[in-house]
Amino acid sequence: MSLLWLDSFESYGTTIGGAPSPTGIIGSKYVATGENYLDVDNGFAGRGIEINSSGVRFTTPAINTDPTLIVGFNYYLNSTSYDRTNKTLINLMQPSGYGVSLYHYNGEVYVRQGAYNGTILGNTTGLGLQRFTWYHIELKVFCDTTAGTYEVKIGGKTVLNGTGNTDKYTDTYFDRVRLNNEWTSKDIFDNLYVCNSLGTVNNNFLGNIQVRVARPDLDDTANFVTTTPSANHYANTNDEVSDENTSYSQDNTSGRRELYDHSTITGLDSVIGINQNARLRTNSGVSESFKHLTKSGATELASSNVSTANTAYFTFTNIVEQDPNISAAWTPTTVNAAKFGIELP
């Protein structure tokens with residue numbers, strides 16, 4: 001599997017100009033610093049996340065061990081620090097620290113080894129990025145001390161590529177992606193994807209994709225014993241803004257499941273994969289497990305066990321790159337007919 005991460009930034013609040021909601025929602029999915037300086041804003045499509053202060057960053061969990069990592073995102077250049085020499089776009093993190101970073105300065109983009117003060121591996125000349133403009137930016141890096149390569153695409157066109165030492169810590173790979181900011185910016189991110197080169201599909205630049213959201217809208221096999229306040233299980237788990245413990249379903253019996261139909265996603269041309277998000281907690285603080293569940297046609301696919309001992313809600317993700325019923329790419333029809341949920345092992 002090549003596809004590692006997708007985020008639409010649609011599930012962190014609905015108030016444009018307001019803080020992510022509920023408090024800590026981004027930090028329950030990413031490792032976040034300075035979340036109180038993030039705002040919900042108008043995205044490239046729907047909503048995005050705006051960075052409002054210096055030193056604010058949020059980082060995916062460790063999701064990769066392949067030497068090649070590819071990241072794409074929509075980016076609104078609204079920067080109040082346009083002329084800073086180290087205005088971060090994104091960092092590829094190694095287990096030991098900052099691996100390779102992408103920056104912009106006065107309309108040009110720079111690839112650096114390490115963090116904002118690292119060795120410049122390459123930069124554009126005459127690119128001319130403009131403020132108050134949306135761009136689709138992609139970065140692909142092969143991690144190696146002697147044969148490292150990098151390529152930057154903007155709007156599907158290669159604007160920078162080169163070779164150099166891209167393995168600062170000799171870890172041989174990048175394990176996380178960090179959205180970062182070294183200066184106050186008010187720049188906006190949307191439609192994030194991350195993939196590597198391991199699989200047979202989604203193993204290169206994916207282009208200007210849109211990450212769309214579907215939420216439960218009908219019970220299929222939903223048999224957790226406790227569901228409140230509605231008798232319809234899906235209605236207690238389909239929050240656009242999570243209400244945490246106001247509405248929920250709950251059980252601790254092996255084999256119980258919450259499997260739902262979901263809202264129809266319109267206007268799809270093709271589907272590169274699905275990222276399931278399940279927001280859960282335990283009551284006891286003792287480690288409990290669940291599995292992400294996908295049903296397509298007559299075929300059910302369960303993820304490996306996911307464990308948590310957190311009594312606060314956390315968001316757990318799972319990528320399903322292909323339709324398990326046919327072992328091939330999802331189509332708009334099969335995605336909209338599929339059912340998703342969780343099961344207790």
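For Val225, the side-chain contact (heavy atoms from CB on, under 4.5 Å) test picks out Asp251, Arg256, with sequence neighbours left out. Looking at residues two or more places apart in sequence or on another chain, you find a ring pair (Phe, Tyr, Trp, His ring centres under 6.0 Å) between Phe290 and His292, Phe316. Under the salt bridge (charged side-chain N to carboxylate O under 4.0 Å, His left out) criterion, Lys140 pairs with no residue at all, not counting sequence neighbours.
Taking CG of Asn161 as the reference point, atom CG of Leu121 lies at 12.5 Å (rounded to 0.5 Å). A distance of 7.5 Å separates CG of Asn275 from CG of Asn318, quoted to the nearest 0.5 Å. The line from CG of Leu344 to CD of Glu288 is 8.5 Å long, rounded to the nearest 0.5 Å. Rounding to the nearest 0.5 Å places OG1 of Thr23 at 9.0 Å from CD of Glu244. If you take CZ on Phe174 and NZ on Lys168, they are separated by 12.0 Å, rounding to the nearest 0.5 Å. A distance of 9.0 Å separates CD of Gln250 from CZ of Phe224, quoted to the nearest 0.5 Å.
A chain of hydrophobic side-chain contacts below 4.5 Å, direct or via other Ile, Leu, Val, Met, Phe, Trp or Tyr residues, connects Leu102 to Val177. In this structure, Trp5 is not a member of the same hydrophobic cluster as Val271, with clusters built from ILVMFWY side-chain heavy atoms closer than 4.5 Å. Put simply, Val194 and Ile154 are part of the same group of oily side chains (I, L, V, M, F, W, Y) that touch within less than 4.5 Å, one to the next. Ile209 and Phe205 fall within a single hydrophobic cluster, where Ile, Leu, Val, Met, Phe, Trp and Tyr are joined by side-chain heavy atoms under 4.5 Å apart, directly or via other members. Criterion: ILVMFWY side-chain heavy atoms under 4.5 Å apart, direct or through other members. Under it, Leu92 and Ile63 are part of a common hydrophobic cluster.
Of all heavy-atom pairs spanning Thr163 and Tyr150, the tightest one is N-CE2, 3.7 Å. Contact detail for Val213 and Ser263: the closest heavy-atom pair is O-OG, 4.5 Å. For Val40 against Gly13, the heavy-atom pair with the smallest separation is CG1-O, 3.7 Å. Counting all heavy atoms, side chain and backbone alike, Ile26 lies closest to Pro20 at CD1-CG, 3.9 Å. Summarising the geometry of Asn232 relative to Ser230, their closest heavy-atom pair is N-OG, 3.0 Å, with the distance given to 0.1 Å. The minimum heavy-atom distance between Leu3 and Ile319, with the atom names listed, is O-CG2, 3.6 Å.
Side chains of Ser96 and Asp171: a donor-acceptor N/O pair is present below 3.5 angstrom, by distance only. Between Asn208 and Asn74, the side chains place a donor N or O and an acceptor N or O closer than 3.5 Å (distance only, hydrogens not considered). Ser2 and Asn202 share no donor-acceptor pair across their side chains, judged by distance under 3.5 Å alone. Side-chain contact check for Ser101 and Asn91: at least one donor-acceptor pair (N or O, by modelled atom type) lies under 3.5 Å. In summary, the side chains of Arg279 and Thr315 do present a donor paired with an acceptor at a separation below 3.5 Å, with no hydrogens or angles considered. With hydrogens and angles left out, the side-chain atoms of Asp190 and Gln210 include no donor and acceptor closer than 3.5 Å. For Glu258 and Ser249, the side-chain atoms include at least one donor-acceptor pair closer than 3.5 Å. Between the side chains of Thr88 and Arg178, no donor-acceptor pair of N or O atoms lies under 3.5 Å.
Ring centroids of Tyr193 and Phe73 are separated by 6.0 Å or more, keeping the two rings apart.
Put simply, the side chain of His136 gets close to the backbone of Gly207: a donor and an acceptor are under 3.5 Å apart. Looking at Glu343, its side chain never comes within 3.5 Å of a backbone N or O of Gly341 through a donor-acceptor pair. Within the 3.5 Å criterion, the main-chain N or O of Leu198 finds a donor-acceptor partner in the side chain of Asn196. One N or O on the side chain of Asn191 and one on the backbone of Val211 form a donor-acceptor pair closer than 3.5 Å.
Connectivity analysis of hydrophobic side chains (ILVMFWY, heavy atoms under 4.5 Å, direct or indirect) links Ile326 to nothing; its cluster partners are none. In the hydrophobic clustering (ILVMFWY side chains linked at under 4.5 Å, chained through shared members), Tyr260 is joined by Tyr234. Residues near Val286 contribute nothing to a hydrophobic cluster around it, because no ILVMFWY side-chain heavy atom sits closer than 4.5 Å to its side chain.
Using a cutoff of 4.0 Å between basic side-chain nitrogens and carboxylate oxygens, Lys29 and Asp7 are scored as salt-bridged.
The one candidate from Thr227, Asn236, Thr226, Thr237 that meets the side chain to side chain contact (heavy atoms under 4.5 Å, CB included) condition with Tyr248 is Thr226.
No more than 12 heavy atoms of other residues, nucleotides or ligands lie within 6.0 Å of OH in Tyr37, so this atom counts as exposed by the packing criterion.
Using bins of under 30°, 30° to 60° and over 60° for the plane-to-plane angle, the ring pair Phe44/Trp134 lands in the perpendicular bin. Taking the six-membered ring for Trp and thresholds of 30 and 60 degrees, Tyr30 and Phe58 have ring planes more than 60 degrees apart, a perpendicular arrangement. Ring planes of His262 and Phe340: tilted class, angle from 30 to 60°.
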Checklist line | Step-by-step side chain to side chain contact (heavy atoms under 4.5 Å, CB included) determination, Glu151 to Phe142 | finding: CA-CA 9 Å; Glu151 182 176 1; Phe142 175 68; over 6 Å; no
